[in-house]
Amino acid sequence: MIKAILIFNNHGKPRLSKFYEHYNEDTEQQIIRETFHLVSKRDENVCNFLEGGMLIGGSDYKLIYRHYATLYFVFCVDSSESELGILDLIQVFVETLDKCFENVCELDLIFHVDKVHNILAEMVMGGMVLETNMNEIITQVDAQNKMEKSETFIFQSTRQDR
Amino acid sequence: MALKIVKGSIDRMFDKNLQDLVRGIRNHKEDEAKYISTCIDEIKQELKQDNIAVKANAVCKLTYLQMLGYDVSWAAFNIVEVMSSSKFTYKRIGYLAASQCFHESTDVIMLTTNQIRKDLSSPNQYDTGVALTGLSCFVTPDLARDLANDIMTLMSHTKPYIRKKAVLIMYKVFLKYPESLRPAFPRLKEKLEDPDPGVQSAAVNVICELARRNPKNYLSLAPLFFKLMTSSTNNWVLIKIIKLFGALTPLEPRLGKKLIEPLTNLIHSTSAMSLLYECVNTVIAVLISLSSGMPNHSASIQLCVQKLRILIEDSDQNLKYLGLLAMSKILKTHPKSVQSHKDLILQCLDDKDESIRLRALDLLYGMVSKKNLMEIVKKLMLHVDKAEGTTYRDELLTKIIDICSQSNYQYITNFEWYISILVELTRLEGTRHGHLIASQMLDVAIRVKAIRVFAVAQMATLLDNAHLLTGNVQRKGICEVLYAAAWICGEFSEHLENPMQTLEAMLRPKVATLPGHIQAVYVQNAAKLFATVLKSQEGNTEGTAAQETSQLMIDRLPLFVQSANLEVQERASCILQLVKYIQKLQQKDVEVAEEVCALFAGELNPVAPKAQKKVPVPEGLDLDAWINEPPSESESEDEQPRAIFAKEEPKHSRPRHTEVDEKELARRREARKQEQANNPFYIKASPSSQKVYQEAPGVEHIPVVQIDLSVPLKVPGLPMSDQYVKLEEERRQKERAEKKKKDKKKRKEKRSGRGKKHDSGPESEEDITPAHMVDIVTEEMPENALPSDDDEKDPNDPHKALDIDLDSLVETARRRPLADSEKLPVRSHRAAEALKSPAEDGEAESAAPPELKKKSSKDKREKKKDKDRDRKKSKEEKKKKKHKHEEKEEDLLGGQADEPVVQPEETSEVAALPSSTSAEEAATVAEAAPVPEAASCTAPDSEPDEPKDTELEETKSSKHKKKKQKKEKEEKEKKKKKKHHHHHHHSDGGAEESVQNGTVEEEEPLPPMSNYCLLAENSYIKMMMEDADQVNDIQGNLQDGSQVVVSVIFENKCESFLKSMEFNVLDSLNCKLQRPEGSGPHDGLTVPFQLPPGVSNEARFVFTVQSIVMPQKLKGTLTFIVKNEDSSTHEKLDFKLHFTCTSYLITTPCYSDAFAKLLESGDLKGSSVRLEGVNMPFHHLLARICFHHHFSVVERIDSCASMYSRSIQGHHVCLLVKTSDQTVSIDAKCDEPTLLGNVLDEIKQTFSQC
């Protein structure tokens, strides 16, 4: 199970937080800070796993992260997930974002966090991996975006009618 | 209206959207909080508008703010509003917001049930998908219960996109609503073989998650997973399955053996590192589960270790990390294989990556031996010094202690060295583990008697230098060791070189700054020391010295008497009074030392940690019973129970006077002096000690005595423990040399004599003898302690609830079918559609009555059987029906309240048991259940509260039905008085309908009835036979002669194990026991189980009966072996099987019109019987006839009822039962007069017995 997925930048600013277990807002922020603290002090060429912090974790949990340019992608997972598998999943996630946003950069995530959530929802559901095939994910995301567009189109056309 | 909309959209153009909000926040870096608060105000305004677009926009912004840490729970209701928008765009925004901020205590969640249900059944797959995704984040037990059935329907959705989501969310549903697991499991299992890989992967995912927590329930799926493993090419699925096997193998070693080969193949063939790694992991798990040291598996271990070594040597840090992680698993069972890679692991200790160092540390635990312990710990101590970051250092510290203390200090050869290490560790800055070190010191000092002298000396030094430990604020945690030091010095004070000095050190004023619990130990142990000092001083015949010591105590103790900590205060004042008394005696030249010592005499033995738990509760003691009347609730609320036995928090115990300033102190001192001067009982202190008290603590006042040790405590520039390493080496060399000499003399005898308890270590280890004889005192356990070694699970673990036996749903020996109470609740309820007549299947020959089906709830067990049978039989029809069911659901959407009502038909569909043989077995279990329980099981099914609803539904639904059906219901709950309700329902040819309602009246509950009668019994075993229902499961066999199934319960009544039970019957011409093919007519049947003491089990035997018109008696014998611990004896038990005519009757439903036709036909011959003095209500009477004689009520009018039954050979038996006063007259008709006569006799007998 995945307990949480966090994306923050090099300064610890959250860009996306998805907790699959309930914490109150303050704890969530604390977790983000703590995770950032743990992850940011690590060198570039060390392993991508680390034992979780005090808040999120316990012995069964691990933080698995990847660092891309200005962003950290951190997954907090328990022992039922394959470590290397989750690393691949992060890669798939980032590649998917790259496809959906066309050369994704931090700004895309800043302004379109809702879209990132929607993409993530096609990959991970309730803490369990739903889909790992990038093409399938993109197909579903596109289909939903198309629906959304058609709805706004109807809305706009009705407005024009008036 | 139009204006309003236009206005709304214009407003919207001026509203900020999410991007504007983000931009705004970025532009207000200085006053972000202020800016956001204005934004929140705007959002609040937007939420007040009617326009859903505006609301959705506002909610979208709130979701963003939630991520930044703002509480948005106040908008929960608005989120629900947006969720219920018909537009996908808004719905998605709503569900996203809900998934981010809803949780179990969000109260508006209960408003969402119907909305979610609507979305789940939306024709648009993305509406459903979004609802499922959202629900997966905020599902509550209530939602899970209410929606479980809807989600389960979605598991068979046509779109794989929905299927996979529905499958995945089921895990969350199970967690919140464990009751859903059993009904949903068969379908979940089906999904393992779904054509869509995504759905399959989801199912694997869910089952793996379930199995990880409760693996034993999923063992039966192993073959299926094995098939998947060898066929699947999806690495994700493979990884999950392989991980699952890792969890299963410890429970089933045979599985492991099968796995090794395919896994090894995968290891060789795969290019995916992740898969390779998981394979290695599972192979390791397999090897662990197999008995170690099997020669043919050593190759596998080698393969694993080799592969792991490659991983560890890889430049990729991730692989290195994982390699070490997996290595630690091998270590547990195959330490030798890992130990050969010690070089590699020690190398990893120096890695720059902390994660890797930690992993390597874990491995060290298993790498140590007697030989290298000191060396390894030395290396770790170096790391401790170098480590920056306290977390890593603390980790090191705990690891050092773990390594040294493992398996009862197995590897420690020199405890002096260990104590020195512990003392060195106390010098660590800012560690949190003072307590850990302290407990080690105590443990070693208590359990290793030989070390006490040394330990006491070391502890005395620690106490002397206590200021070093307590001086720094950062060192708070470490002062715990003083607790241990004080206790050791006190308890083993006889070993102290200079007890007087230590006593002084313990009574220093600075001690008062220590945490309370430590002070308390100081005070208590000062008293022990005092006793020792007195003893030595009195021996010296210098009375004055002893008196001075008392005076010291009297001077110093008042400081503790003032302590804010109650414990310290109490102990101090007790001891102070004691010392004062002693002083008085001393002044009279009385020798007191002996008596004072007696106060503290006696050895304190260590007590095992679990000892308290294991004290058996004496017979007759009820720990839960109140000793006094329980206090009223209000009282208990007032009282705040105090944790008397828990450790006080250090900050509470800080003495008051440290906080008061100097002036105040001086003033108080003055006052006290004044008081003391006036107090005739106060013995004035000597000026010198008074001075010590007044001034700052002065170590220099106390003469420092050099402790004479074989090893100097501290060598400048070199940590002292290092000294031991050298010494140890020298010692070992010397020993080796000596040994060589000895060996030369008697080489052979020696070898065999040295087989000590540690047989695990390499041979060379045995050569190392401990420096001094260490006798480890074992921990005390209470007498007759209970042997259990239970590691309790966390009672709060949500997965505990999911420990549900699922095998019964799959094919295994002992099954438990879904009970009625386990059905998933659904909103709507309909009559059990098309409960197919049992008669329908088998027989074309059945001539007269139309195919009938009667479901008599009078006979609960009966009913269950019918249901189970129906499940099996109507399986093919289910798809059709389900379609119908779905249609129906749509009609009912929205308006229907979400009150869950159990619906039988749905369950039978849900419960589609995978194994076709299960119905029969299931029935057995149902029978075995005692009647009252069965009644309560079926209770929800009978819907006593809403009979009308049921009827309406039934009438409605029956229009669609093509099958002829009939349903009769009768309620006889054990509960309160319930409405007696039975109705007949008949539709003919799809058009004709006739509903014949029975009476609805208040009637008293029925007494429990059992069909089991004692067959035979002796001191070993009891056989109970079920005398009635045998014939019920054999419809399929009706054509060929007749079979009767007899259920016999065997109950072991003795203390021994019963096995090899053989059941044999002397066949008669008419009635034969069915034996397996190939066995002779006199061979017995082996009972397929063994019976441990006190256990009962049921076996079923099939008999073939030719003629059923007469009752039969068969003689039989049961032989069995009684196995005691030391002996086993052959025993036998004779019994008589009695087949009554009744037992050839099958409860068969019949409609009144068919019944009338039957009577009119004139084929039946009549007979009648009168029962006198029957004193029971009429419905009891009917129930008895139904229950014991397998009749069903066709129609009942007041005190008159018609009943019907049919024999296994197709004879019709009709009864007309009338009652007036206490007389019951039964007119009966049957096409076989002999049978009828016998049945009537039996009925008569039934009633004469009661």
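Quick caveat, the model's predicted, so the values are computed rather than measured. Throughout, a chain's letter reflects where its sequence line sits, starting with A, and its residues are numbered from 1.
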Are B:Y161 and A:E136 linked by a side-chain donor-acceptor pair shorter than 3.5 Å?
no
Any side-chain heavy atom of B:R212 sitting closer than 4.5 Å to one from A:S79?
yes
Engaged part of B:F88 at the chain A interface, taking heavy atoms whose separation is under 4.5 Å
both
Interface check, chain B: of A:M147, A:H112, A:K41, A:E21, most non-hydrogen pairs under 4.5 Å belong to A:M147
Do any N or O atoms from the side chain of B:Q100 and from the backbone of A:S17 form a donor-acceptor pair under 3.5 angstrom?
yes
Ring geometry between A:F49 and B:Y321 (parallel below 30°, tilted from 30 to 60°, perpendicular above 60°)
tilted
Identify which part of B:E278 has an atom lying under 4.5 Å from any heavy atom of chain A, answering side chain, backbone, both or neither.
side chain
Would you mind checking which part of B:N124 comes under 4.5 Å of any heavy atom in chain A, side chain (CB onward), backbone (N, CA, C, O), both or neither?
side chain
Where do A:V113 and B:L18 land on the side chain to side chain contact (heavy atoms under 4.5 Å, CB included) test, with the steps shown first?
CA-CA 9 Å; A:V113 66; B:L18 175 61; 4.2 Å; yes
Taking the side chain as every heavy atom from C-beta outward, state whether A:K18 and B:C137 have any atom pair closer than 4.5 Å.
yes
Part of B:L319 lying under 4.5 Å from any heavy atom of chain A:
side chain
Is any side-chain heavy atom of A:M125 less than 4.5 Å from a side-chain heavy atom of B:K164?
no
So B:H103 and A:Y23, do their side chains get closer than 4.5 Å, heavy atoms only?
no
Answer with side chain, backbone, both or neither: which region of B:I239 has an atom nearer than 4.5 Å to a non-hydrogen atom of chain A?
side chain
Given that the side chain runs from C-beta out, which part of B:T133 has a heavy atom under 4.5 Å from chain A: side chain, backbone, both or neither?
both
Scanning both residues in full, the closest heavy-atom pair of B:K165 with A:E122 reads NZ-OE2, 3.6 Å
Verdict with reasoning, A:E25 to B:S73, per side chain to side chain contact (heavy atoms under 4.5 Å, CB included)
CA-CA 10 Å; A:E25 277 75 17; B:S73 55; over 6 Å; no
Side-chain donor/acceptor of A:E148 to backbone N/O of B:Y90, under 3.5 Å:
no
Please tell me if the side chains of B:R26 and A:I110 come closer than 4.5 Å, counting only heavy atoms from C-beta onward.
yes
With no hydrogens and no angle check, is any side-chain donor or acceptor of B:K240 less than 3.5 Å from a backbone partner on A:S80?
yes
4.5 Å side-chain heavy-atom contact, A:V129 and B:N205:
yes
Are B:K91 and A:E151 close enough for a salt bridge, meaning some N to O gap below 4.0 Å?
no
Using non-hydrogen atoms and a 4.5 Å limit, figure out which bit of B:L325 sits close to chain A: side chain, backbone, both or neither.
side chain
Sort B:V130 into side chain, backbone, both or neither according to what part of it lies under 4.5 angstrom from a heavy atom of chain A.
side chain
Using heavy-atom distances under 4.5 Å, tell me whether B:E104 contacts chain A through its side chain, its backbone, both, or neither.
neither
Measure B:C60 against the heavy atoms of chain A and call it side chain, backbone, both or neither at under 4.5 Å.
side chain
Keeping the roles fixed (side chain from B:D353, backbone from A:C47), state whether a donor-acceptor pair exists under 3.5 Å.
yes
